[in-house]
Amino acid sequence: MSKISTIGVLTSGGDAPGMNAAIRAVTRSAIYSGWKVKAIYRGYEGLVKNDIKEFTTESVSGTIQRGGTILKTARSKAFLTVEGRKQAFENLKANEIDALVVIGGNGSLAGAQVLAQEYDIPCIGLPGTIDNDLYGTDTTIGYDTALNTIMECVDKIRDTATSHNRIFFIEVMGRDAGFLAQNSAIAAGAECAIIPEDSTDADQLADFVARGVRKSKNSSIVIVSESQKDGTGGAMYYADRVRHEYPEYDVRVTILGHLQRGGRPSASDRILASRLGVAAIEALQDGQRNVMVGIANNQVVYVPFNKAIKKDKPIDKELITVLNELSI
Ligand code: F6P
């Protein structure tokens, strides 16, 4: 195993609050250990284009509290090609980068896995996505902040919903995962969450209406995961269905969109990102390669890339029961 003296760090895919805290932790922990740090801008796109510069401890000063990513991010098409990855490897060599830390979601870790397989470069992944859909870690960097952002928005919508006796369908992000929808629904006291993991979407809406929630309440809030199944899904779809099937209800839709991805990271995300950043450097020192570093049951864990990416992370059924019982 060749000795590591310089690492590269990049963020890729959708930005997530806490990514800066992770970059800071990786940078400072590596420098603390006597290594050099090369910052790669715009994710794999910057790696292919050689958009790389050395970071010092000062480079990450004043960043822990900032949302987004100071390294910028991209979804790179070039890196999906064999030639693109060859160029990426050439640039790693030219910059004397011995190992790579990738902060991102599913697609980003899949990129690290391919690069590691093709060019035998040690890669460590950090789970950075608001979706919380990576297997093997309890939460991902950015998830807690996004959850809190959604909760605050829903609290505000509740005020107007109650004033008008309305049903609101609020669409939240999560790609194919319902963590944001399910837990924001519990946190905001919503009446229902429609998530891809729980039975069929149609059943969940029918069940909500059948429970007659609205008869006993001044307003109802249904949190809808953005996930689409068979061309159906999303808040617009459910709102249209209710308008059509139950015209007596006054229905409105809010799609929260990208505001869920921005903002100052929560304390929880900053701490998670800091712990994971330090753990990533320790992992490399311990000879770990091609794993995602996560935290499960408050312990640092190493999850092989293929497990973290490919295995479905289940939603605890207890969360579904909690919401159903408390929304009567
Ligand atoms: O993966 C993070 C995420 O915000 C998803 O929740 C969402 O589906 C997607 O990214 C949106 O991607 P983009 O910013 O490219 O529109």
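Excluded from the calculations below are hydrogen atoms, water molecules and symmetry mates; all remaining heavy atoms, backbone and side chain alike, are included. We count ligands from 1, going down the list as the structure has it; atoms in each ligand are counted the same way.
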- [ ] Before accepting this row, confirm whether a basic side-chain N of the pair Glu45/Lys49 lies closer than 4.0 Å to the acidic partner's carboxylate O.
- [x] yes

Task: Arg175 with Glu226: basic N within carboxylate O range, under 4.0 Å - done: no

Task: Option whose closest heavy atom lies nearest to atom 5 (C) of ligand 1, chosen from Asp133, Val172, Asp131 - done: Asp131

Open item on the list: Using heavy-atom distances only, which candidate in Arg175, Met173, Arg75, Glu226 approaches atom 12 (O) of ligand 1 most closely?
Closed with: Arg75

Hey, can you pull the donor-acceptor pairs under 3.5 Å for the side chains in residues 297-308, sequence neighbours left out?
{"unit_1": "Asn298", "atom_1": "OD1", "unit_2": "Arg275", "atom_2": "NH1", "d": "2.8"}

Task: atom 4 (O) of ligand 1 [closest protein heavy-atom partner, distance rounded to 0.1 Å] - done: Arg261 NH1, 2.8 Å

Task: For Tyr41, all residues meeting ring-ring contact (aromatic ring centres under 6.0 Å, His included), sequence neighbours excluded - done: none

Open item on the list: Quick check on Gly174 - does any of its heavy atoms sit under 4.0 Å from an atom of ligand 1?
Closed with: yes

- [ ] Look at ligand 1 and say whether His258 reaches it with a heavy atom at a distance under 4.0 Å.
- [x] yes

Open item on the list: Using the rule that Ile, Leu, Val, Met, Phe, Trp and Tyr join whenever any side-chain heavy atoms are under 4.5 Å apart, tell me whether Val278 and Leu10 fall into a single cluster.
Closed with: no

